[in-house]
Amino acid sequence: MNREKNLQQVQTKTKVWDIVVIGGGASGLGVALDAASRGLTVALFEKADFAKGTSSRSTKLIHGGVRYLAQGQLSLVFEALKERGLLLQNAPHLTHNQSFLIPIYTWWERIQYSIGLKLYDWMAGKMSLGASIFISKEETLRRIPTLQPAQLQGAVVYQDGQFDDARLAIHLAQTADELGACLLNYAKVTGLSKDSNGKLTGLTFRDEIRKETHHIQAKMIVNATGVFADKILQLDNPSAAKTIQPSQGIHLILSQEFLGGKDALMIPKTKDGRVLFGVPWHDKLLLGTTDTIREKAKLEPEALQKEIDFVLETAAGYLTKKPSRADVIAVFAGLRPLARPKEGSTKTKEISRSHKIIRSPSGLVSLTGGKWTTYRKMGEDTVDFFTRITGNAIPASATSKQHLHGYTETIPAGHWAVYGTDAQKIQALAVQDPALAELIHPRFPNILAEVVWACEQEMALTVEDVLSRRIRFLILDPEVALASAEKVARTMAGVLHKKEDWVDAELLNFKKIATKYLIPKH
Ligand SMILES: Cc1cc2nc3c(=O)[nH]c(=O)nc-3n(C[C@H](O)[C@H](O)[C@H](O)COP(=O)(O)OP(=O)(O)OC[C@H]3O[C@@H](n4cnc5c(N)ncnc54)[C@H](O)[C@@H]3O)c2cc1C
């Protein structure tokens, strides 16, 4: 992906693009990829970095949603289980199977979850990742030795998918780019233009790097801005009603010792009726999440004290090794772009997680809600609107068989897995220049060649792009990220031809962001 080349492409004044997408998270990238795979011309604008918003802050599960099954949202579960299967097929380097244990304390729970999970298996059909089973108390404690043994009868084990959300976003962007899509990060959409009939004809965006404004013409414009969707709807119609209810979910990162094995823990019903996951991820334990109504859409939402306490207390109720604030390595928060409930209802856990596509009178198509797991189907459903908007027929979506960038069945070992076929190319950089073989930080396996690769091939422009989304140090261990920032900034400055003042400004900015991922240890 080459930002300079793409910037030139979107400045071709006479060109009318088939689809222009606003927002470079899971939803927008899914639309851009689907459109490119059907041979449409497509440009995408992201105001920050790809997946800077919610799409880098998920629980990292590719799942049908056991909770949605319990809520009776069967069509959502069917759809998500099918999409889970497709994603595992199309991106084996970016995804893997993960086993989950639901601890069982009563005979009724055993019946309820055994039947529920059998139904979940059945709904996945030939895309099933393996049958759910009941295991004894001894086997449960062998697999999760830190689980509270009192009254434990055993566990129901089931299979779901796991991934690295920001990494998948980068590979979606690369796949779309290879199919001809033109993607730009740090390009904020600031205005929409219309013809005399009030129909959209294009938009204005600001290149946040060069501080320049440009205009682009489009046949169809897609608003895929997640929790920011209402801002675009209001650019289109200043009196548009609010459609989004942001709901915050936080995660804590702890040492993997708190679970002790390779299995994930799923608590299906916390004190307040929510779900808590404890999932091994990049050799750490990811614990979450919460569901707290927030009024403001933010790119860097912050965890509330009560959310941190809730996650720690709930986990402590199930574990013999009880986590405390002092054990928390990192905290991060994300905002779910939920469809706003009807007047008077505030129960976010009951708002449907299925996606919605809204067509405004101007022709603006807004894609809201949904899940990472279903990004492909959301993209397909949105691009299907092209014919209704323009009257032009288009081929059917081809993304269900589209391998994602880096696809390989020979998955590289260790942390190289996610790069797929790129792993060898990155390792070759370190052979050509042995200085690039140096570890970024002794506590992680990543090397400096990955920083060079991120700048040259993955459109990383800031230290935070590299340390938060190309390599996940910021959410895995913010102290390590802070300690690595200077080395990363200097390596980036070499590749991007930046001077000392750029390094200083980047370090200052990164420090400001990174401190939000640390919590006071008392
Ligand atoms: C706590 C939590 C846990 C979750 N866990 C899971 C999970 O395990 N599995 C799962 O499948 N789903 C999960 N989800 C849901 C999933 O993460 C979201 O549905 C998905 O990431 C939303 O993507 P999006 O593209 O709609 O929004 P975002 O990722 O927020 O993307 C919107 C983008 O639009 C950009 N933007 C805004 N305004 C403009 C503008 N004017 N110009 C240009 N760009 C603009 C923003 O910068 C942002 O990057 C979780 C969500 C949360 C909050």
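Residues: numbered from 1 along the sequence shown. Note that ligands are numbered from 1 as they come in the structure, with each ligand's atoms numbered from 1 the same way.
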Would you say the side chains of Ser37 and Asp34 form a donor-acceptor pair under 3.5 Å? no

Short list, please: which atoms of ligand 1 are under 4.0 Å from a heavy atom of Gly249? 1 (C)

With the threshold set at 4.0 Å, does a side-chain nitrogen-carboxylate oxygen contact exist between Glu83 and Lys371? no

Nearest candidate to atom 24 (P) of ligand 1, where distance is taken over non-hydrogen atoms, out of Gly25, Ser27, Ala169, Gly23: Ser27

Can you tell me if Thr243 and Asp230 form a side-chain donor-acceptor pair at under 3.5 Å? yes

Per-atom contacts, ligand 1 versus Lys188 - under 4.0 Å to a heavy atom: 41 (N), 42 (N)

Examine ligand 1 and decide if any of its atoms is less than 4.0 Å from a heavy atom belonging to His251. yes

Would you say Ile232 touches ligand 1, if touching means a heavy atom closer than 4.0 Å? yes

NZ or CZ of Lys284 within 45° of Trp281 ring axis and under 6.0 Å: no

Between Thr289 and ligand 1, which part of the residue brings a heavy atom under 4.0 Å of the ligand: side chain, backbone, both or neither? side chain

Mind checking whether Val227 has a heavy atom under 4.0 Å from ligand 1? no

What do you reckon, does His63 put a non-hydrogen atom under 4.0 Å from ligand 1? yes

Check ligand 1 against Leu299 and write out every atom of the ligand that is under 4.0 Å from a heavy-atom position of the residue. 47 (O)

Got more than 12 heavy atoms from elsewhere within 6.0 Å of NZ, Lys262? no

Is Arg3 paired with Asp207 through a side-chain N to carboxylate O contact shorter than 4.0 Å? yes

Gly370 heavy atoms within 4.0 Å reach ligand 1 at atoms 19 (O)

Residue part near ligand 1, for Ile250, under 4.0 Å between non-hydrogen atoms: neither

Counting N and O atoms only, with roles assigned by atom type, does the side chain of Ser193 sit under 3.5 Å from a partner on the main chain of Gly202, one being a donor and the other an acceptor? yes

For Gly53, counting its heavy atoms only, list the atoms of ligand 1 lying under 4.0 Å from any of them. 29 (O), 30 (O), 49 (O)

Checking heavy atoms under 4.0 Å, the part of Ala333 that sits near ligand 1 is neither

Are Thr399 and Arg376 close enough, and set up right, to give a side-chain hydrogen bond (donor to acceptor under 3.5 Å, both in side chains), and what steps lead you there? CA-CA 7 Å; Thr399 49; Arg376 192 208 64 81; 2.9 Å; yes

At under 4.0 Å between heavy atoms, is it the side chain or the backbone of Ile22 that contacts ligand 1, or both, or neither? side chain

Counting heavy atoms only, name the option from Phe228, Tyr375, Trp372 that's nearest to atom 12 (N) of ligand 1. Trp372

Determine, considering heavy atoms only, which of Ala229, Ser247, Ala51, Ser58 sits nearest to atom 13 (C) of ligand 1. Ser58

Please confirm whether the ring centroid of Phe332 lies under 6.0 Å from the ring centroid of Tyr517. no

Heavy-atom distance to atom 32 (C) of ligand 1: which of Thr373, Thr225, Leu235 wins? Thr225

Looking at Glu300 and Arg57, is there a salt bridge between them, counting it only when a charged N and a carboxylate O are closer than 4.0 Å? yes

Considering only NZ, NE, NH1 and NH2 on the basic side and carboxylate oxygens on the acidic side, decide whether Arg470 and Asp49 come within less than 4.0 Å. yes

Contact between Ala187 and ligand 1, counting heavy atoms under 4.0 Å? yes

Between Met378, Lys52, Glu46, flag the one that comes closest to atom 46 (C) of ligand 1 by a heavy atom. Glu46

Strictly below 4.0 Å, N to O, side chains only: are Arg325 and Asp309 in salt-bridge contact? yes

What atoms in ligand 1 come closer than 4.0 Å to a heavy atom of Ala224? 32 (C), 34 (O)

Do NZ/NE/NH1/NH2 and the carboxylate oxygens of Arg38 and Asp384 come within less than 4.0 Å? yes

Which residue and non-hydrogen atom of the protein lie closest to atom 44 (N) of ligand 1, and at what distance in Å? Lys47 N, 3.0 Å

What protein heavy atom lies closest to atom 41 (N) of ligand 1? Include the residue and the distance to one decimal. Val189 O, 3.1 Å

So the atoms of ligand 1 within less than 4.0 Å of a heavy atom of Ser55 turn out to be 20 (C), 21 (O), 22 (C), 23 (O), 24 (P), 25 (O), 28 (P), 29 (O)

Hey, does the Lys NZ or Arg CZ of Lys52 hover above the aromatic six-ring of Tyr186, less than 6.0 Å from the centre and inside 45° of the axis? no

Run the numbers for me: atoms of ligand 1, each under 4.0 Å from some heavy atom of Arg336, listed by number. 1 (C), 51 (C), 52 (C), 53 (C)

Tell me which one of Leu29, Leu61, Asp49, Leu338 gets a heavy atom nearest to atom 7 (C) of ligand 1. Leu61

